[in-house]
Amino acid sequence: RIWVPLKGIMNVPRTLYFALCSLLMTSCSSFEKEWNQSVAEYKAGNIETPAGPWVGSWNTTTNGHMGDLRAIVKPSPARNGEYSFRYHATWGSFFRGTYQVDFPVIRRGSTYQVDGSKSLGPFGRFGHKAKIKGHSFNATYSSDKGDLGTFDLKRP
């Protein structure tokens, strides 16, 4: 057996590693389709803050890791007052992935406040607190693995 280490997760057999990569690539292609649609709707004036496309970067202050980040925000079809945040992040030159979380959003004047957490399975519990106002989406995030960082996003 050949084992491929994945930092911060666990050691997995090579077959499982490649299956995971294939799943992430499929998820990324569906993200691209949804991203292009969201950008077109935003540019046509059909989307208002906090919904729609966001683009920028993430930075983990505890270890210096960083990358590009895009988000598509939509009202949650499951829960009133919550929004779905679908993120697409890059790590280095080769790794990309998407994940989705639904968090409550509270409007205070022209500012939207987001505060929530969710288990991401083997990646641990993830949470973020964000302020979205106009063309600015700034957040701090943390994980139960000890990661702390920021998202800085704007409209495309």
Side-chain angles (χ1 to χ4, degrees), residues 3-12 16-32 34-36 38-39 42 47-76 79 81-156:
W3 294 91
V4 178
L6 292 176
K7 184 179 179 184
I9 302 173
M10 63 185 91
N11 290 331
V12 294
L16 183 58
Y17 174 75
F18 288 113
L20 179 62
C21 287
S22 296
L23 178 63
L24 288 174
M25 284 189 275
T26 301
S27 178
C28 290
S29 68
S30 72
F31 180 90
E32 290 303 322
E34 189 176 348
W35 172 260
N36 290 334
S38 184
V39 169
Y42 174 72
I47 295 178
E48 294 183 19
T49 301
W54 297 91
V55 62
S57 62
W58 63 272
N59 181 14
T60 301
T61 55
T62 51
N63 61 21
H65 293 170
M66 63 182 75
D68 294 332
L69 181 66
R70 290 183 291 163
I72 302 169
V73 180
K74 294 181 175 183
S76 173
R79 294 189 181 102
E82 287 195 1
Y83 279 73
S84 294
F85 294 79
R86 186 168 184 204
Y87 292 106
H88 180 272
T90 63
W91 295 266
S93 302
F94 299 105
F95 298 105
R96 343 182 149 264
T98 64
Y99 64 95
Q100 183 170 321
V101 292
D102 288 1
F103 290 147
V105 174
I106 298 170
R107 183 177 183 172
R108 293 200 177 8
S110 62
T111 301
Y112 296 85
Q113 296 178 324
V114 184
D115 188 356
S117 68
K118 180 179 181 175
S119 173
L120 295 179
F123 298 101
R125 187 159 213 54
F126 164 84
H128 78 42
K129 294 182 180 190
K131 288 190 178 179
I132 302 171
K133 183 174 183 174
H135 297 278
S136 178
F137 178 156
N138 299 300
T140 58
Y141 65 87
S142 62
S143 79
D144 61 358
K145 304 284 186 190
D147 293 323
L148 301 171
T150 59
F151 296 164
D152 293 304
L153 303 166
K154 61 182 180 179
R155 291 299 192 179

Do the side chains of [Y] and [X] get nearer than 4.5 Å, heavy atoms only?
X      : Y      : result
Trp91  : Met66  : no
Tyr87  : Phe31  : no
Asp68  : Trp58  : no
Asn63  : Asp147 : yes
Lys74  : Glu34  : yes
Asp115 : Lys129 : yes
Leu69  : Phe137 : no
Phe85  : Val114 : yes

Worksheet entry | Short side-chain to backbone donor-acceptor contact, Asp144 and Gly124, under 3.5 Å |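 Answer holds: no.
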
Using 0.5 Å steps for rounding, measure from the [atom1] atom of [X] to the [atom2] atom of [Y].
X      : Y      : atom1 : atom2 : answer
Arg125 : Ser119 : CZ    : OG    : 6.0 Å
His88  : Arg96  : NE2   : CZ    : 5.5 Å
Ile47  : Ser38  : CD1   : OG    : 4.0 Å
Lys154 : His135 : NZ    : NE2   : 11.5 Å
Leu120 : Lys145 : CG    : NZ    : 10.5 Å
Arg86  : Asp102 : CZ    : CG    : 12.0 Å

For a quick test of reading the model, state the closest non-hydrogen atom pair linking [X] to [Y] and the distance between them.
X      : Y      : result
Lys133 : Ser110 : CE-OG, 3.1 Å
Gly56  : Leu153 : N-CD2, 3.3 Å
Val105 : Pro50  : CG1-CG, 4.4 Å
Lys118 : Gln100 : NZ-O, 3.2 Å
Pro156 : Val55  : CA-CG1, 3.8 Å

Taking the six-membered ring where the residue is Trp, are the ring centres of [X] and [Y] under 6.0 Å apart?
X      : Y      : value
Tyr141 : Phe151 : yes
Phe103 : His128 : yes
Phe126 : Tyr99  : yes

Say whether [X] and [Y], considering side chains only, have a donor N or O and an acceptor N or O under 3.5 Å apart.
X      : Y     : result
Asn59  : Thr61 : no
Asp152 : Ser57 : no
Arg107 : Thr49 : no

Worksheet item: Do Arg70 and Trp35 meet the cation-pi criteria used here (NZ or CZ under 6.0 Å from the six-membered ring centre, within 45° of the axis)?
Response: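 Because its charged atom sits under 6.0 Å from the ring centre and within 45° of the axis, Arg70 does stack over Trp35.
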
Item to complete: Could you check Ile132 against Trp54 for side-chain contact (heavy atoms from CB on, under 4.5 Å), going step by step and ending with a plain yes or no?
Response: CA-CA 10 Å; Ile132 302 171; Trp54 297 91; 3.6 Å; yes

Item to complete: Mind checking ring-ring contact (aromatic ring centres under 6.0 Å, His included) for Tyr42 and listing every partner two or more places apart, or none if nothing turns up?
Response: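 Partners of Tyr42 under the ring-ring contact (aromatic ring centres under 6.0 Å, His included) test: none.
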
Item to complete: Give a yes or no on this: more than 12 heavy atoms of other residues, nucleotides or ligands lie within 6.0 Å of atom CZ of Arg79.
Response: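 Atom CZ in Arg79 is not crowded, with 12 or fewer foreign heavy atoms closer than 6.0 Å.
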
